[in-house]
Amino acid sequence: MQISGTLLLQLGALLTGLAILGALARRVALSPIPVYLLAGLCLGKGGILPVAAAGDFVTTGAPIGVVLLLLTLGCQFSATEFASSLRHHLPSAGVDIVLNALPGAIAGWLLGLDGVAILCLAGVTYISSSGVIARLLEDLNRLGNRETPAVLSVLVLEDFAMAAYLPLFAVLASGGGWLRAVAGMAAAVGALLAAFAASYRWGHHVGRLVEHPDSEQLLLRILGITLIVAAVAESLHASAAVGAFLVGLTLTGDTAERARKVLGPLRDLFAAIFFLAIGFSVDPHELVPMLPAALALAAVTAGTKVLTGMFAARRDGVARRGQLRAGMELVARGEFSLIIIGLAGASLPAVAALATAYVFVMATLGPVLARATGGRLRAATAAG
């Protein structure tokens, strides 16, 4: 097998650079996420120091990072408790859609865009980043906080909404008709609901299937099953993140604890790659002209996300300070918004440029705002 020296050198320099940046960020009590995003901006397309050879690794590793973040997050909760929380937070989902999709739709209307473009911006401003927020909860030691189930319920319900939105938008953005779009949406939602019901009813068998005293066997079994479930979820136009989270919910007790330990280093590595990839996807030359409009939209939708989180946490009886933490944690946008932009890119280039600038601003701003509400950063790891 021929080994590329350039690839190894760039990957080595990349990981060493992330380690240094992460350590510096933690030294000043800042989550490393914004630093990784800025590093990706400098190293990606149009950046000052592009690393072309490592680009494929970053692009491939990014979705694995999201899957691992949500898998280990799901290990913290039981399927029964979380299903109850989802039902309880259906009103929160309604508030979320109204408060956060509407600003994007209004912005599109004010810009004189057509219906499909307006739908695009509404989706971009609506959906929070499961990957960024999962890492923030871990970084800020908030997994056991009272407001965290409310935050996770909102995230999962948003991902369910994306199962309806993405097939609809994909067909319309490609010039297809409403009948075909609605049919695809209905099929995707039905499949996702069936998958969730199966996980709730028979998911405990997964724990028995993966359980093994050998750590290598445990890692391979959990990772293999999770990636298969995530792939099936993606093929149904749902979310790989939701699929991974459902697998995590099925793991309980000692199996869940051991799973988090063996997956931890792998999760941290690919999580850093995921944040780097967000920066990679942004061309600085397209970012700068759109910054004023993106910042204005970010100011509005950061506020509406804070209100969404506060509403959801209040439904769980959380005190005002916890409500504010929940709201700040939901501000970040990321991977789903980038998927929407990717679907819109060829047919809606102007909208894609504005949306990309907006996502980068929100992905950077979200961790800073979440940290501002308090919380001690966890001990640094190799990946940050």
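Values reported hereafter were calculated over all heavy atoms of this structure, with side chains retained and with hydrogens, waters and symmetry mates removed.
Nearest heavy atom pair, residue Val300 against residue Pro103, reads CG1-CB, 4.1 Å. Taking every heavy atom of both residues into account, Leu354 and Ala293 meet most closely at CD1-CB, 3.7 Å. Residue Met362 comes nearest to Ala298 through the heavy atom pair SD-CB, 3.4 Å, listed as atom of the first residue, atom of the second, then distance. A pairwise comparison of heavy atoms in Arg333 and Ser129 identifies C-CB, 3.5 Å as the closest pair. Heavy-atom minimum distance, Val182 versus Leu168: N-CD1, 4.2 Å. Shortest non-hydrogen contact noted between Gly309 and Ala326 is O-CB, 3.7 Å.
Taking Ile, Leu, Val, Met, Phe, Trp and Tyr as members and joining any whose side-chain heavy atoms lie under 4.5 Å apart, directly or through other members, the hydrophobic cluster of Val95 also contains Leu99, Leu307, Phe311.
Counting only heavy atoms from C-beta outward, the side chains of Trp178 and Val171 never approach each other to under 4.5 Å. Inter-residue side-chain proximity for Glu211 and Leu218 is flagged as unmet; no heavy-atom pair is nearer than 4.5 Å. Counting heavy atoms from C-beta outward, Leu330 and Leu155 have side chains that approach closer than 4.5 Å.
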Inset, instruction - Evaluate the side-chain hydrogen bond (donor to acceptor under 3.5 Å, both in side chains) criterion for residues Ser337 and Tyr358: first the C-alpha distance (whole Å), next the side-chain angles of each, then the deciding distance (0.1 Å), finally the verdict. - result: CA-CA 10 Å; Ser337 297; Tyr358 167 81; over 6 Å; no
Legend entry - Candidate pair Arg142 and Glu329, rule salt bridge (Lys or Arg N to Asp or Glu O under 4.0 Å), full reasoning: CA-CA 10 Å; Arg142 294 181 183 175; Glu329 288 160 4; 2.7 Å; yes
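Remark: Thr226 engages no residue in a side chain to side chain donor-acceptor pair (under 3.5 Å) (not counting sequence neighbours). In terms of the salt bridge (charged side-chain N to carboxylate O under 4.0 Å, His left out) criterion, Arg258 has no residue partners (sequence neighbours excluded). The side-chain contact (heavy atoms from CB on, under 4.5 Å) test applied to Ala312 returns His89, Ser92, Ala150, Val154, not counting sequence neighbours. Annotation: side chain to side chain donor-acceptor pair (under 3.5 Å) contacts of Thr255 (sequence neighbours excluded): none. Applying the ring-ring contact (aromatic ring centres under 6.0 Å, His included) criterion to Tyr126, with sequence neighbours excluded, gives no partner residue. Listed by chain and residue number, nothing satisfies the side chain to side chain donor-acceptor pair (under 3.5 Å) test with Thr356 (two or more places apart in sequence, or in another chain). Every side-chain contact (heavy atoms from CB on, under 4.5 Å) that Leu21 has, sequence neighbours left out, goes to Val35, Ala39. The side chain to side chain donor-acceptor pair (under 3.5 Å) check on His88 picks up Asp316, with sequence neighbours excluded.
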Do any side-chain atoms of residues 11-18 form donor-acceptor pairs under 3.5 angstrom with protein atoms, and if so which ones, sequence neighbours left out?
unit_1: Thr16; atom_1: OG1; unit_2: Gly12; atom_2: O; d: 2.8

Mind listing the side-chain donor-acceptor pairs of residues 57-67 below 3.5 Å, one per line with the distance, residues two or more places apart or on another chain?
unit_1: Thr59; atom_1: OG1; unit_2: Gly55; atom_2: O; d: 2.9
unit_1: Thr60; atom_1: OG1; unit_2: Asp56; atom_2: O; d: 2.8

Distance-only check: which donor-acceptor pairs under 3.5 Å involve side-chain atoms of residues 106-121, not counting sequence neighbours?
unit_1: Asp114; atom_1: OD1; unit_2: Val116; atom_2: N; d: 3.3
unit_1: Asp114; atom_1: OD1; unit_2: Ala117; atom_2: N; d: 2.9

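Using modelled atom types, no side-chain atom of Asn145 and backbone atom of Thr148 make a donor-acceptor pair closer than 3.5 Å.
Residue Thr304 forms a side-chain contact (heavy atoms from CB on, under 4.5 Å) with just one option from Val98, Asp96, Asn100, and that option is Asn100.
We find that Glu138 and Arg260 are joined by a salt bridge, their nearest charged nitrogen and carboxylate oxygen being less than 4.0 Å apart. Look at Asp268 and Arg135 and you find a salt bridge, because one of the NZ, NE, NH1 or NH2 atoms lies within 4.0 Å of a carboxylate O, short of that distance.
Using a 3.5 Å distance cut-off with no hydrogens or angles, the side chains of Ser85 and Ser153 do pair a donor with an acceptor.
Note: Thr125 OG1 to Ile127 CD1 = 10.5 Å, rounded to the nearest 0.5 Å. Taking OG1 from Thr250 and CG from Leu209, the interatomic distance works out to 9.5 Å, rounded to the nearest 0.5 Å.
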